[in-house]
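Reading through the structure tokens given below for one structure.
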There are 4 protein chains.
Amino acid sequence: MASVKVLGILGSPRKNGETYKLLRVALHAAEKMGAETRLVRLYDYNIKPCIGCVSEDVKKCKYPCDILGDDFPQLAKMVLESDALIFATPIYWYMASGVMKNFIDRLTCFENMIHHTGRSLLEGKVAAFIAVGNDTGAIMAISWLMVTLNSMGAHIPPWALAYYHRPEGDVLSEENALLDAANIGKIVVQAARLLKNAGEWYDAGLKKLVEEAVSELRGRA
Amino acid sequence: MASVKVLGILGSPRKNGETYKLLRVALHAAEKMGAETRLVRLYDYNIKPCIGCVSEDVKKCKYPCDILGDDFPQLAKMVLESDALIFATPIYWYMASGVMKNFIDRLTCFENMIHHTGRSLLEGKVAAFIAVGNDTGAIMAISWLMVTLNSMGAHIPPWALAYYHRPEGDVLSEENALLDAANIGKIVVQAARLLKNAGEWYDAGLKKLVEEAVSELRGRA
Amino acid sequence: MASVKVLGILGSPRKNGETYKLLRVALHAAEKMGAETRLVRLYDYNIKPCIGCVSEDVKKCKYPCDILGDDFPQLAKMVLESDALIFATPIYWYMASGVMKNFIDRLTCFENMIHHTGRSLLEGKVAAFIAVGNDTGAIMAISWLMVTLNSMGAHIPPWALAYYHRPEGDVLSEENALLDAANIGKIVVQAARLLKNAGEWYDAGLKKLVEEAVSELRGRA
Amino acid sequence: MASVKVLGILGSPRKNGETYKLLRVALHAAEKMGAETRLVRLYDYNIKPCIGCVSEDVKKCKYPCDILGDDFPQLAKMVLESDALIFATPIYWYMASGVMKNFIDRLTCFENMIHHTGRSLLEGKVAAFIAVGNDTGAIMAISWLMVTLNSMGAHIPPWALAYYHRPEGDVLSEENALLDAANIGKIVVQAARLLKNAGEWYDAGLKKLVEEAVSELRGRA
């Protein structure tokens with residue numbers, strides 16, 4: 001069985017809060033599936049904000065990122081070494097926390113390697129998502145994370161989401177959220193095993209095939 | 001090589017519009033990958049709106065749906081027979097068209113089989129998305145479709161999106177959108193092959209594992 | 001005191017469901033503020049889907065809409081006669097119901113009068129939003145409705161939203177949701193009174209002012 | 001004519017980039033309407049991330065915020081002194097930049113004064129939005145900002161949005177975006193004048209009215 005590494009990325013300031021707990025449940029399930037897991041708390045790291053080099057010159061943005069003097073390089077290394085990523089965020093104003101947003105912005109240097117080597121450094125990794133808050137917004141935060149990671153090249157396996165959005169109470173009594181979180185851990189490992197060594201996904205060489213299709217469509221018109 | 005069936009679902013009223021064209025490019029690529037493809041135009045079918053039985057009694061909603069006298073059963077059959085689904089929608093007010101929304105609402109009867117058999121009828125199918133408009137909104141429409149299909153049990157492979165959002169002009173001259181669309185066709189087939197016979201994903205039997213994780217977390221607190 | 005007309009637009013199939021109840025609370029408050037109110041259930045009307053004429057020729061879409069043989073004209077008349085609109089939708093897959101989406105799509109003929117007379121027929125009307133479901137998605141549905149109505153020219157007054165997203169129970173026991181709904185009714189009337197006779201908002205004649213700003217910015221560069 | 005202060009809040013790292021330019025056009029129009037304007041660049045300030053006190057104890061979060069040793073107090077003062085706020089963000093991954101997200105998270109201390117004095121410090125202010133990027137996502141970023149500011153108590157006047165989403169070129173040649181930006185400046189001043197001294201909006205004292213409505217609805221059932 002292929003070895004699988006799962007990284008849990010916590011975007012909450014609370015070390016043992018509800019977001020952390022759901023993430024721990026997911027990682028526990030991943031471990032039971034035989035994966036190696038690691039949990040990283042973004043609030044423990046100094047992550048400078050992205051300065052959007054790509055908007056000036058698409059070639060300027062690459063990995064490793066030009067921004068110096070912060071802790072992003074350590075986080076980047078953990079991401080690159082992982083087969084699956086579980087993003088767990090508190091819901092701040094119906095969206096991922098600012099710290100999580102900053103971190104996602106910085107992942108641009110992985111995705112933008114497309115313009116250097118033809119390949120995103122996140123392509124083929126498996127991603128899943130946890131959001132916890134005391135109000136609505138879980139799915140808005142998760143849908144944003146999901147479409148972003150997919151646009152960076154990640155697989156989103158079935159049921160790649162767990163959330164909790166009650167004003168009070170304890171996530172550890174919330175059976176559905178716990179079961180969904182455990183399934184995230186199970187499913188990312190299952191998917192990562194099936195997809196490991198799947199080779200490349202995006203093929204910039206399909207241009208000829210595009211030409212065929214275009215000429216067929218023009219012919220019909 | 002496992003045989004793969006790809007269904008293109010068109011939510012546009014234009015038979016040969018820009019949305020149709022991108023979808024055709026995707027299906028052309030899928031065919032070149034050896035898949036069997038079919039394109040269905042939702043506007044050609046009478047699809048009554050969902051009446052939300054699930055909000056009264058979660059058991060009331062099941063496949064086949066209770067709503068009678070429309071064409072949904074034919075569409076449902078096509079969806080069930082497919083390994084991969086490509087949803088292609090025009091962008092109406094930054095979102096999928098009303099006709100596409102109605103269709104998605106009706107898919108609830110597939111997903112809700114969880115409450116009858118423990119399994120969504122869409123689980124493990126591969127899904128991808130195309131959105132075309134003359135204004136912004138592509139990613140809002142796609143992120144909604146993506147998180148919805150994933151919540152119904154679909155696998156979203158890397159780069160499962162293509163869009164075009166220019167006020168004028170011809171999508172057939174838009175190289176990036178065409179290449180992305182072709183890759184959708186290629187990638188859904190590639191993913192469907194790898195994941196066919198992957199077995200079940202969501203496991204409602206993880207409750208014991210949840211209990212372990214919960215008791216560990218309670219112990220720490 | 002200026003007379004104010006408030007239209008409650010119900011996108012739920014349930015005549016007396018939870019969405020209806022929150023809408024009734026809002027309309028009750030509007031009546032207490034002295035407004036004339038009306039509640040319309042979209043499911044009682046036959047509304048054909050938008051066919052996106054605007055994507056072929058921006059001038060083709062105008063009010064009254066070219067689509068014949070359905071009940072949209074009656075609904076259109078009610079909208080035009082109102083000073084404030086409260087959109088109340090059940091949450092189907094984290095979004096407005098398909099029936100509500102279809103209705104919103106058809107409002108394009110009001111907004112698109114910009115391209116005929118320079119003025120959207122919805123400009124200056126006041127809009128607010130209610131979403132009810134047994135799962136997450138309230139804010140995704142509401143944010144979509146809000147940005148759409150604002151893009152059609154509507155004014156969104158403070159706290160123009162109320163929602164309820166619990167799996168069970170009775171919205172009539174949910175104090176916060178009820179209070180928010182009542183405030184919607186109060187606030188849309190308050191705003192409509194202040195803004196009635198406010199004159200025109202969007203000014204296509206600002207081109208000279210734009211030129212000044214552009215030349216100043218070019219000068220600096 | 002009531003004096004009006006407009007604050008432009010720039011969430012871009014580029015001092016003179018495309019986002020800045022659209023914001024300048026909006027502020028130019030506001031000045032021509034007689035408003036006093038100010039532009040603040042968030043990247044010039046050290047803004048520590050929100051630590052979500054509200055999730056522990058709703059009373060713990062208040063203005064001034066407990067977080068010490070950063071520049072938020074200066075920004076907070078500017079916000080409080082303004083009648084209208086124009087949020088201008090680059091589009092990073094279909095959403096506001098991380099720096100803008102962090103800033104919005106910190107505004108919680110204004111909104112949460114509801115739990116101390118019954119009143120959000122942002123209630124009644126007018127808000128509008130600008131988003132600029134080289135890809136899709138403008139409306140996803142803007143809809144999130146819009147629903148968030150509205151939930152904090154801000155008015156969103158008609159057409160409160162301007163955006164630009166082309167891969168290349170110069171926003172100063174983009175007539176529609178420029179005209180929309182100028183209208184933002186014009187409209188926020190127009191709205192702020194009409195709404196200044198409008199008094200309070202949310203009324204927590206509507207409980208009696210809620211009871212009436214509830215008892216009427218229960219009577220019918």
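No side-chain donor-acceptor contact under 3.5 Å links N183(B) to the backbone of Y202(A).
Both the backbone and the side chain of K21(A) come within contact range of chain B, with heavy atoms under 4.5 Å apart. Only the backbone of E200(A) comes within contact range of chain B, with at least one heavy atom under 4.5 Å from a heavy atom of that chain. The contact between D180(A) and chain B is made by backbone and side chain atoms together, counting heavy-atom distances below 4.5 Å. Residue N16(B) does not touch chain A at all, counting heavy-atom pairs closer than 4.5 Å. In this structure, chain B has a heavy atom under 4.5 Å from the side chain of K32(A), while its backbone stays farther away. With a threshold of 4.5 angstrom between heavy atoms, A191(B) approaches chain A through its backbone and through its side chain. Contact annotation for A181(A): neither backbone nor side-chain heavy atoms come within less than 4.5 Å of a heavy atom of chain B. F129(B) does not touch chain A: none of its heavy atoms, backbone or side chain, sits under 4.5 Å away. With a threshold of 4.5 angstrom between heavy atoms, K186(B) approaches chain A through side-chain atoms but not through N, CA, C or O.
Around CG of N176(A), the count of heavy atoms belonging to other residues, nucleotides or ligands within 6.0 Å does not exceed 12. Within 6.0 Å of atom CD in E175(B), 12 or fewer heavy atoms from other residues, nucleotides or ligands are found, so the atom counts as exposed in its surroundings. Around the CD atom of E36(B), the shell of radius 6.0 Å holds no more than 12 heavy atoms that belong to other residues, nucleotides or ligands. With a 6.0 Å radius and a threshold of 12 heavy atoms from other residues, nucleotides or ligands, K196(B) has its NZ atom above the threshold.
Using non-hydrogen atoms only and a strict 4.5 Å limit, no part of residues 85-93 of chain B faces chain A. At a heavy-atom cut-off of under 4.5 Å, chain A is reached by V147(B), N150(B), S151(B), M152(B), G153(B), A154(B), H155(B), I156(B), P157(B), P158(B), W159(B) from residues 147-159 of chain B, listed in order of number.
Taking chain B as the reference chain and counting heavy-atom pairs below 4.5 Å, the highest number among G185(A), A182(A), A198(A), G124(A) is found for A182(A). Put simply, of L178(B), V171(B), I187(B), the one with the most heavy-atom pairs under 4.5 Å next to chain A is I187(B). Annotation: maximal heavy-atom pairing with chain B below 4.5 Å, among L179(A), V210(A), L195(A), occurs at L179(A).
Between the CG atom of L206(A) and the CD1 atom of I184(B) there is a distance of 12.0 Å, given to the nearest 0.5 Å. Taken from CD in E31(A) to CG in L209(B), the straight-line distance is 9.5 Å, to the nearest 0.5 Å. For the atom pair CG (L145(B)) and OG (S143(A)), the distance works out to 11.0 Å, reported to the nearest 0.5 Å.
Counting heavy atoms from C-beta on, the side chains of L172(B) and V214(A) come closer than 4.5 Å. In this structure, the side chains of V25(B) and E212(A) stay at 4.5 Å or more apart for every pair of heavy atoms. The shortest side-chain heavy-atom distance between L217(B) and Y20(A) falls under the 4.5 Å cut-off.
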